[in-house]
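Along the sequence shown, the residues carry numbers beginning at 1.
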Amino acid sequence: MGLVIACMRNFRKLDQLCRDGVWRTAITPPPNVSGKRLGIFGMGAIGEKLATRASSFRMPIGYHNRNPKAGSPYHGIAGAGRRGLSGQRGPRRASGG
């Protein structure tokens, strides 16, 4: 969850501005993660823990899994396939032979 917040708020840029001596009042406030939608690929043990933590930030959760998770309180996205949640085509699989 820390990486999600760091990416969303662009911690790297904020760190550099701080090191350059820019005052806090001169920095545009970065966006919050609260209320943003989170998409998770694979709802295994790690995906479920991430979803639990993200729900504390009132983030709507969508996930894609090979099989729908029975009893999951989160919204499963069916048919994402190789195009994924982003709609872009994923990498090709090597053909066995």
Side-chain angles (χ1 to χ4, degrees):
M1 202 55 220
L3 284 175
V4 172
I5 295 170
C7 289
M8 185 71 191
R9 296 183 65 92
N10 200 358
F11 275 12
R12 187 173 180 185
K13 177 183 173 189
L14 293 175
D15 177 59
Q16 188 59 49
L17 288 171
C18 182
R19 291 173 191 272
D20 291 342
V22 177
W23 288 98
R24 183 177 179 181
T25 54
I27 298 172
T28 306
N32 290 321
V33 297
S34 297
K36 302 291 191 285
R37 183 172 176 83
L38 178 67
I40 300 173
F41 286 100
M43 197 55 129
I46 295 172
E48 284 184 5
K49 289 181 187 212
L50 179 61
T52 301
R53 286 168 176 81
S55 63
S56 299
F57 289 92
R58 296 184 319 271
M59 296 177 77
I61 311 296
Y63 74 89
H64 175 71
N65 208 29
R66 287 183 190 161
N67 300 310
K69 221 38 179 171
S72 176
Y74 308 111
H75 179 67
I77 299 171
R82 286 184 57 198
R83 296 239 180 237
L85 297 176
S86 67
Q88 295 180 358
R89 190 175 179 115
R92 291 185 165 208
R93 292 186 180 176
S95 61

Separation of M1 CE from M59 CE (nearest 0.5 Å): 5.0 Å
Report, one line per pair, each donor and acceptor closer than 3.5 Å where one atom sits in a side chain of residues 29-36; sequence neighbours left out.
residue: N32; atom: OD1; partner: R9; partner atom: NH1; Å: 2.5
residue: K36; atom: NZ; partner: N32; partner atom: O; Å: 3.3

By side-chain hydrogen bond (donor to acceptor under 3.5 Å, both in side chains) - contacts of N10 (at least two apart): none
Partners passing side-chain hydrogen bond (donor to acceptor under 3.5 Å, both in side chains) against R58 (at least two apart in sequence or in another chain): none
Check: F57 and L38 side chains under 4.5 Å, non-hydrogen atoms: no
Residues Y74, I40; criterion side-chain contact (heavy atoms from CB on, under 4.5 Å); working and verdict: CA-CA 10 Å; Y74 308 111; I40 300 173; over 6 Å; no
Nearest-0.5 Å distance, CD1 of residue I27 to NZ of residue K13: 8.5 Å
Residues in salt bridge (charged side-chain N to carboxylate O under 4.0 Å, His left out) contact with R12, at least two apart in sequence or another chain: none
Would you be so kind as to tabulate the donor-acceptor pairs closer than 3.5 Å made by side chains of residues 44-55, with sequence neighbours excluded?
residue: E48; atom: OE2; partner: K69; partner atom: NZ; Å: 3.4
residue: T52; atom: OG1; partner: E48; partner atom: O; Å: 2.9
residue: R53; atom: NH1; partner: K49; partner atom: O; Å: 3.2
residue: S55; atom: OG; partner: A51; partner atom: O; Å: 3.4
residue: S55; atom: OG; partner: T52; partner atom: O; Å: 2.7

